[in-house]
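One structure is given below, encoded as structure tokens.
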Amino acid sequence: MVRKRLIIEMGMGVDQHGQEPTVAASRAVRNAIAHNALPGVWEVAGLSHPNEMIVEVQVAVPYPEKVRQEEVLAVLPFGQKTLTVESGGMIVQGRAIPEFNDENDEMLIAIAAVTVLVE
């Protein structure tokens with residue numbers, strides 16, 4: 001079957017303290033899907049359950065090799081999910097605060113694109 005894109009949502013996420021690329025990536029994905037509804041999945045594409053959606057996630061974040069992919073995908077409530085993580089996003093100098101167990105003064109910014117496809 002041919003896959004067709006139904007929707008693409010974009011988001012941004014930040015980890016100000018902790019220097020965790022997984023946190024920034026998860027927040028970017030959550031931001032991308034936070035304000036949408038997908039009635040077209042049923043009304044146009046004719047799917048009977050949201051798990052029939054194909055959901056492709058692409059995230060660009062500093063230190064992509066440290067991303068715990070299963071945690072990022074867990075943000076998505078439904079769908080046949082895949083994740084591609086690549087180097088990108090941004091590192092901004094913040095302020096290390098010992099009470100937050102900061103390793104350094106880096107704030108990590110991730111960007112995400114979440115694409116919903118149907119067959």
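Nearest heavy-atom pair across Asn31 and Met12 is OD1-N, 3.0 Å. Here the closest heavy-atom approach between residue Ala110 and residue Ala28 is recorded as O-CB, 3.7 Å. Contact record, Thr22 with Val67: OG1-CA, 3.3 Å, taken as the closest heavy-atom pair. When all heavy atoms of Val118 and Leu47 are compared, the closest pair comes out as CG1-CD1, 3.7 Å. Pairing each heavy atom of Asp102 with each of His17, the nearest pair is OD2-ND1, 2.8 Å. The shortest heavy-atom contact between Leu6 and Gly40 is CD2-C, 4.1 Å.
At a threshold of 4.5 Å between non-hydrogen side-chain atoms, the residues Asp15 and Met107 do not count as touching. For the pair Pro77 and Ile33, the minimum side-chain heavy-atom distance is below 4.5 Å. Proximity of Arg68 to Glu70: side-chain heavy atoms (C-beta onward) are separated by under 4.5 Å at one or more points.
If you chain together hydrophobic residues whose side chains sit under 4.5 Å apart, Val44 and Val116 never meet in one group. Linking ILVMFWY residues whenever their side-chain heavy atoms come closer than 4.5 Å, directly or via other members, leaves Ile8 and Ile111 in distinct clusters. A continuous path of Ile, Leu, Val, Met, Phe, Trp and Tyr side chains, each step under 4.5 Å between heavy atoms, connects Leu83 with Val29, placing both in one hydrophobic cluster. In the hydrophobic clustering of this structure, Val23 does not group with Val92; members are Ile, Leu, Val, Met, Phe, Trp, Tyr whose side-chain heavy atoms approach within less than 4.5 Å, directly or through other members. With hydrophobic clusters built from ILVMFWY side chains whose heavy atoms lie under 4.5 angstrom apart, Met10 does not share a cluster with Val61.
To the nearest 0.5 Å, the span separating CE on Met90 from CG on Leu108 amounts to 12.0 Å. To the nearest 0.5 Å, atoms CD1 (Ile109) and CD1 (Ile91) are separated by 9.5 Å. Interatomic distance, CD1 of Ile7 versus CG of Leu38, reported as 5.0 Å (0.5 Å rounding). The CG atom of Leu117 sits 10.5 Å away from atom CD of Gln80, with the distance rounded to the nearest 0.5 Å.
Inspection of the Tyr63 and Glu20 side chains reveals no N or O donor paired with an N or O acceptor under 3.5 Å.
Of the possible polar contacts, one joining the Lys81 side chain to the Leu76 backbone as a donor-acceptor pair under 3.5 Å is found. Put simply, the side chain of Arg27 gets close to the backbone of Val14: a donor and an acceptor are under 3.5 Å apart.
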Would you be so kind as to tabulate the donor-acceptor pairs closer than 3.5 Å made by side chains of residues 49-59, with sequence neighbours excluded?
unit_1, atom_1, unit_2, atom_2, d
His49, ND1, Asn51, N, 3.0
Asn51, OD1, Gly79, N, 3.0
Glu52, OE1, Ser48, N, 2.6
Glu52, OE1, Ser48, OG, 3.1
Glu52, OE1, His49, N, 2.8
Gln58, NE2, Glu86, OE1, 2.8

**Request:** Test side chain to side chain contact (heavy atoms under 4.5 Å, CB included) on Arg95 and Asp105 and set out the steps.
**Result:** CA-CA 5 Å; Arg95 174 90 184 206; Asp105 65 357; 5.6 Å; no
